[in-house]
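Okay, structure first, notes after.
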Amino acid sequence: MVTVNLGMLHYVLDHIYGAFMHRTKMSTPFFSRGWGGTKLEMLERMLNQLFPEVAGQNWPPRLIEPVWRTVWETKNASLREGVFRTPCDEQLLGALPPESHTARVAFLMPKSVSPNRMACVVHLAGTGDHTFERRLRLGGPLMKENIATMVLESPFYGQRRPVLQRGAKLLCVSDLLLLGRATIEEARSLLHWLDCEAGFGKMGICGLSMGGVHAAMVGSLHPTPVATLPFLSPHSAVVAFCEGILKHGTAWEALREDLATQKAAMTLEDVRERMRNVLSLTDVTRFPVPKSPSAVIFVAATDDGYIPKHSILELKKAWPGSEVRWVTGGHVSSFILHHDEFRRAIKDGLDRLPWKESQL
C-alpha cells in the first residue's frame with residue numbers, strides 16, 4: 001500500500017502552479033521595467049508617513065459619490081455596479097496610470113432586512129483577480145445570513161489595468177506600492193460610505209493573498225471597528241517576493257540593471273536586499289492593532305508554498321486578541337476548496353462586533 005503525504009502534495013501543487021505561471025518563457029516577470037524611479041522615492045516617503053502620530057487617531061476617509069447602475073434585481077436581492085473617482089490625493093493621483101483613476105465596484109445586497117440590521121463586507125482582490133465574479137461567488141451564499149458583499153476592482157487590474165501591463169505582472173516596483181496605497185484609500189472610503197450613506201449596521205473587510213494584506217492594513221487604519229479577515233495572506237510582501245514562489249517570477253536582472261545606473265557593481269544579493277527594504281513598508285506588523293482585535297480572523301493554509309507559517313504567526317503575535325484558523329491544503333488548493341471556511345470566518349468576525357446604535 002502506498003501512503004501519500006497530502007501536505008507535501010499540496011505544497012508541490014503550489015510549486016507546479018508557480019512554475020507554470022512565473023517561470024515559463026510565455027509569462028512576463030514582475031517588475032520588468034525596474035524600480036519606478038522618482039515615483040518609488042515619493043511612495044517610500046508617503047508610506048513612512050502612513051501611520052497616525054497618535055495611536056488610535058486615524059485620519060478620516062475621504063468622501064466618495066458612487067454612480068450606480070443595476071445589473072439585475074429580484075424580489076430577494078440585487079446586484080449593482082458603481083463607479084467613482086479614486087479618493088487619492090493629487091500626488092498619488094499623478095503617480096497612478098490614467099486607467100486607474102476611476103474605481104469600479106460590484107455591490108450584491110439581499111433585501112430581507114433594512115441595511116441597519118445588515119452587515120456588508122468589502123472584498124479586495126488577490127494577485128491576478130481582475131474580475132468581480134470570483135469574489136461575488138464567495139460572498140453570494142452569505143446573503144442568507146443578511147451579509148451583503150461589495151467587491152472592489154483593484155487599481156492596475158481589470159478595466160483599470162495600464163495598457164502596457166500584461167496580466168497581473170506589474171511593470172515597476174513602485175506600481176506594487178501604488179496599488180496598495182490606492183486600495184487602502186478606496187476601501188476606507190467605501191467602508192465610510194457603507195456606514196454613513198448606506199446605513200449598514202456592521203462592516204467588514206476581507207481579501208485573499210495580496211488582498212488579505214491590504215484588508216489587514218485597512219482594518220488597522222480605519223477609524224471605526226470593522227471585522228478584519230485576511231485569508232491566505234503573508235504579514236508582508238517581502239514574504240511573497242523574496243521568500244515564496246513569486247521570487248521566481250521577478251525580473252531580478254532588470255532590477256539589477258536599473259540600480260546599476262545609480263551605483264556600479266550591484267550584485268543580485270544587493271538587489272534582493274534593496275527589495276526587502278522597500279517591501280518592508282508593507283509589513284502589517286508595523287501597523288496599529290485594529291480597534292476590535294477579537295473581530296480579526298486570519299485563515300491560513302497548513303502547506304502553503306507561497307506563505308510560510310512563521311509569517312502568519314508574526315501577525316498573530318503583533319495583534320494580540322486576533323485569531324488564526326488553519327485549513328488543510330496549499331495556497332492554490334485552499335483558494336479553490338475552502339470557501340466555506342472563509343465564509344464562516346466572515347460570519348464569526350462580524351458576530352464579534354456590536355450592532356451600530358440606531359441614528360433615530
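Along the sequence shown, residues are numbered consecutively beginning with 1.
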### Query
In Å and rounded to the nearest 0.5 Å, what is the SG to CD1 distance from Cys120 to Ile147?
9.5 Å
### Query
Is a donor on one side and an acceptor on the other found under 3.5 Å between the side chain of Arg104 and the backbone of Glu153?
no
## Note on the structure
To the nearest 0.5 Å, atom OG1 of Thr302 lies from atom NZ of Lys309 at 6.0 Å
### Ile346 versus Cys206, closest heavy-atom pair with distance
CD1-SG, 4.2 Å
### Query
Under 4.5 Å between any side-chain heavy atoms of Val173 and Met275, yes or no?
yes
### Query
Any idea which heavy atoms bring Leu229 and Ala345 closest together, and the distance?
CD2-O, 3.3 Å
### Task
Kindly indicate, with the supporting measurements, whether the criterion salt bridge (Lys or Arg N to Asp or Glu O under 4.0 Å) is fulfilled by Glu323 and Arg344.
CA-CA 13 Å; Glu323 180 185 351; Arg344 188 171 293 114; over 6 Å; no
### Message
Any side-chain to backbone donor/acceptor pair from Arg135 onto Val151? Under 3.5 Å, distance only.
### Response
no
## Note on the structure
CZ (Arg274) and CE (Met266) are apart, to the nearest 0.5 Å, by 9.0 Å
### Summary
Taking every heavy atom of Lys316 against every heavy atom of Val324, the minimum-distance pair comes out as CB-CG2, 3.7 Å
#### Entry: Worked check of side chain to side chain contact (heavy atoms under 4.5 Å, CB included) between Ser311 and His235
CA-CA 5 Å; Ser311 186; His235 75 283; 2.7 Å; yes
### Message
One pair to check against salt bridge (Lys or Arg N to Asp or Glu O under 4.0 Å): Arg161 and Glu99. What are the steps and the verdict?
### Response
CA-CA 6 Å; Arg161 186 177 69 192; Glu99 297 91 338; over 6 Å; no
### Message
What verdict does the side chain to side chain contact (heavy atoms under 4.5 Å, CB included) test give for Leu232 and His338, after you've listed the backbone C-alpha separation in whole Å, the side-chain angles of each residue and the deciding distance to 0.1 Å?
### Response
CA-CA 11 Å; Leu232 310 179; His338 290 300; over 6 Å; no
### Query
Is Val239 linked to Leu255 within one hydrophobic cluster, defined over Ile, Leu, Val, Met, Phe, Trp and Tyr using a side-chain heavy-atom separation of less than 4.5 Å?
no
### Side-chain donor-acceptor contact under 3.5 Å, Asp283 with Thr285
yes
### Query
More than 12 non-hydrogen atoms from neighbouring residues, nucleotides or ligands closer than 6.0 Å to CD on Glu269, yes or no?
yes
## Note on the structure
Minimal heavy-atom distance between Asp89 and Met46, with the atoms involved, is OD2-CE, 3.9 Å
### Query
Hey, any chance Leu40 and Phe31 share a hydrophobic cluster, counting ILVMFWY side chains that come within less than 4.5 Å of each other, even indirectly?
yes
### Task
Considering only NZ, NE, NH1 and NH2 on the basic side and carboxylate oxygens on the acidic side, decide whether Glu145 and Lys202 come within less than 4.0 Å.
no
### Lys356 side-chain N/O to Phe200 backbone N/O, donor-acceptor pair under 3.5 Å
yes
### Query
Between Asn116 and Ser114, is a side chain to side chain donor-acceptor pair (under 3.5 Å) present by the stated rule, with each step listed?
CA-CA 6 Å; Asn116 68 316; Ser114 61; 2.4 Å; yes
### Query
Looking at CG of Leu152 and CD1 of Ile205, how far apart are the two atoms once the value is rounded to the nearest 0.5 Å?
8.0 Å
### Task
Could you tell me the separation between the CG atom of Asp303 and the NE2 atom of His331, rounded to the nearest 0.5 Å?
13.5 Å
### Task
Give a yes-or-no answer on whether the side chains of Asn277 and Ser280 include a donor-acceptor pair shorter than 3.5 Å.
no
#### Entry: Exceeds 12 heavy-atom contacts within 6.0 angstrom, atom CZ of Arg33
no
#### Entry: Ion pair Lys347/Asp351, N-O distance below 4.0 Å
yes
### Query
Do side-chain atoms of Thr282 reach the backbone of Ala237 as a donor and acceptor pair under 3.5 angstrom?
yes
### Message
Looking at Ala216, is its backbone amide N or carbonyl O close enough to the side chain of Thr228 to form a donor-acceptor pair, meaning the two atoms are under 3.5 Å apart?
### Response
no
### Task
Examine distances only and state if a side-chain atom of Lys39 and a backbone atom of Leu178 form a donor-acceptor pair shorter than 3.5 Å.
no
### Message
Given Glu186, which partner from the list Arg160, Arg181, Arg85 fulfils the salt bridge (charged side-chain N to carboxylate O under 4.0 Å, His left out) test?
### Response
Arg160
### Validation row: His222, Met203 side chains within 4.5 angstrom (heavy atoms)
no
#### Entry: Spatial distance of atom CD (Glu197) from atom CG (Leu190) [nearest 0.5 Å]
12.0 Å
### Task
Identify whether the distance between the nearest side-chain nitrogen and carboxylate oxygen of Asp348 and Arg325 falls below 4.0 Å.
yes
### Query
Cationic tip of Lys247 within the cone over Phe241's six-membered ring, i.e. under 6.0 Å and within 45° of the normal?
no
### Task
Evaluate the side-chain proximity of Arg272 to Cys242: yes if any heavy-atom separation is below 4.5 Å, no if none is.
no
### Message
Main chain of Trp68, side chain of Arg80: is a donor-acceptor contact present, judged purely on distance under 3.5 Å?
### Response
no
### Query
Do Phe132 and Phe342 share a hydrophobic cluster (ILVMFWY, side-chain heavy atoms under 4.5 Å, transitive)?
no
### Query
So do Leu350 and Trp355 actually touch side chain to side chain, heavy atoms under 4.5 Å?
no
### Query
Quick one: does Trp35's side chain get under 4.5 Å of Val278's, heavy atoms only?
yes
### Message
Other residues, nucleotides and ligands only: do more than 12 of their heavy atoms fall within 6.0 Å of NZ on Lys317?
### Response
no
### Message
When you measure from the side chain of Arg188 to the backbone of Leu221, do you find a donor-acceptor pair of N or O atoms at a distance under 3.5 Å?
### Response
yes
#### Entry: Hphob cluster co-occupancy, Val327 + Ile297, side-chain heavy atoms under 4.5 angstrom
yes
### Task
Check whether any side-chain heavy atom of Leu96 lies under 4.5 Å from a side-chain heavy atom of Cys88, and answer yes or no.
yes
#### Entry: Any Pro223 side-chain heavy atom under 4.5 Å of Pro60 side chain
no
### Sidechain-backbone polar pair: Ser189 side chain, Ala187 backbone, donor-acceptor under 3.5 Å
no
### Message
For a quick test of reading the model, state the closest non-hydrogen atom pair linking Thr149 to Gly139 and the distance between them.
### Response
OG1-CA, 3.2 Å
### Task
Apply side chain to side chain contact (heavy atoms under 4.5 Å, CB included) to His192 and Ile64, showing your working.
CA-CA 9 Å; His192 184 68; Ile64 54 171; over 6 Å; no
### Task
For the pair Asn48 (side chain) and Glu44 (backbone), establish whether a donor and an acceptor sit closer than 3.5 Å, ignoring hydrogens and angles.
yes
### Task
Considering non-hydrogen atoms only, spot the tightest contact between Ala125 and Ser154 and give its length.
CB-OG, 3.4 Å
### Task
State yes or no: do Leu313 and Trp319 share one hydrophobic cluster built from I, L, V, M, F, W and Y residues joined by side-chain heavy-atom distances below 4.5 Å, directly or via other members?
yes
### Query
Heavy atoms, side chains only, cut-off 4.5 Å: are Val226 and Val122 in contact?
no
### Task
Step by step, work out the side chain to side chain contact (heavy atoms under 4.5 Å, CB included) result for His214 and Leu179.
CA-CA 10 Å; His214 296 151; Leu179 187 162; 3.4 Å; yes
